[in-house]
**Student:** 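Before we start, here is the structure in question, set down as structure tokens.
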Amino acid sequence: MTVNRRFLLARRPVGTPVPDDFALVEQPVPTPPAGGFVVRNCYASLDPAQRGWMDDAPSYMPPIPLGDPVRATTIGVVAASDTPDFAVGDWVMGLNGLEDYSVNQTGGFTMKVDTALVDSPSRFLSAMGAVGLTAYFGLTDVAKPQPGETLLVSGAAGAVGSAVGQIGKIMGCRVIGIAGGAEKCRRLTEDYGFDVAIDYKGKSVGQLAAEIRAAAPDGADVVFENVGGTVMEAELLNLAKKARIVLCGLISEYNSPEKVGVRNLWQVLAQQATIYGYLIMDYAPRFAEGGAVMADWMAQGRLRIDEDVQVGLENAYDAFMRLFSGANTGKLVLKIADGL
Ligand code: NDP
């Protein structure tokens, strides 16, 4: 290929992103810088976090500069190299962009991966990538649930949430999941083995809180929060004493310009609960350790990680928006190419 298609951030979205916030452009394929290499991106991870990176607001990462490709974790193949550390043909995972080819410097975040270990390279963006490991470390290292405890998960049918629920079962918890719609709730109990599934769609905070109470009369010992907003407000009304809340994500706020926040915080105080602000980035040095456990559980049939693979860089906008309409069924991934 001689053309590098790049999906650029053209302007900062206000509220829900629209197609004109982005531009798909064609530029020449880059050559490796001195000591660096060029990656042919094959799969890109589409994550709710990317919406936050589009805003010019303080966060754990700088905003995506306007005119740059939308930042994304990708897995791909080294296409050209000026370093002995990365050979043409090596499979690598790194923080790149929604584009055909990305320039990398040695010593950055990009690491080699062994695709012989997996049925598809995209696995390094799901089960064995940051998303699967978000579930793994958030439970095993942050919440540390004990057998018999009640675990309440929001965004439960999504990539992180479905893994959290299944790992919770492996750790001996009673697991309650909250998701949008009857089909997602069916998947929670039938495909992922949750004990109870609750549909939040069209319900008031009071109604949702009552359904959680019916499922967990003694309250939730651990809340794994992916959603925020009214879902979290209902959860906060159902905390067990000394509950641990893993604050992993607040997707209901990401497209809200007002960022209204969550009510019922008084319950954190009343139940002497603890909220943990949690970022998977902290666990990067332990990815191999967590990935090995996840791979083991999958091989034993104890953990099911679904992927929602959308195809084509030209479909990046529509694919990304699946996260916010709830259309994605499993870890959302964009396939860009098969290989070199
Ligand atoms: P998912 O696969 O869960 O996809 C997003 C899901 O969120 C949708 O399918 C939809 O499910 C739900 N959703 C979207 N909009 C709303 C809304 N307004 N109100 C309620 N639910 C909504 O994505 P991920 O698993 O990748 O991410 C889940 C969460 O984890 C996100 O908040 C993300 O930011 C966070 N995260 C945090 C990390 C960390 O290091 N802290 C790392 C990775 C992810 P439904 O149909 O059920 O509504």
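Order of listing sets the numbers, starting from 1, for every ligand and every atom in it. Residue numbers run from 1 in the order of the sequence given.
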**Student:** Supply the atom-to-atom distance D296 CG to M294 CE, rounded to the nearest 0.5 angstrom.
**Tutor:**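 If we round to the nearest 0.5 Å, D296:CG and M294:CE are 11.5 Å apart.
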**Student:** Which residue in the set V70, T74, L8 passes side-chain contact (heavy atoms from CB on, under 4.5 Å) when paired with L98?
**Tutor:** V70
**Student:** Atom CD in E225, atom CD1 in I275: separation rounded to 0.5 Å?
**Tutor:** 9.5 Å
**Student:** So which residues, sorted by chain and number, lie with a heavy atom under 4.0 Å of ligand 1?
**Tutor:**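 Under the 4.0 Å cut-off, ligand 1 touches P48, T134, G158, A159, V160, A179, G180, K184, Y200, N226, V227, C248, G249, L250, I251, S252, Y254, Y278, L279, I280, L323, F324, G326, N328.
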**Student:** Just wondering, are more than 12 heavy atoms of other shown residues or ligands nearer than 6.0 Å to CZ in R186?
**Tutor:** yes
**Student:** Would T230 and K203 count as having a side-chain donor-acceptor pair, cut-off 3.5 Å?
**Tutor:** no
**Student:** Report the residues that fulfil salt bridge (Lys or Arg N to Asp or Glu O under 4.0 Å) with R286, sequence neighbours left out, ordered by chain and then residue number.
**Tutor:** D141, E289
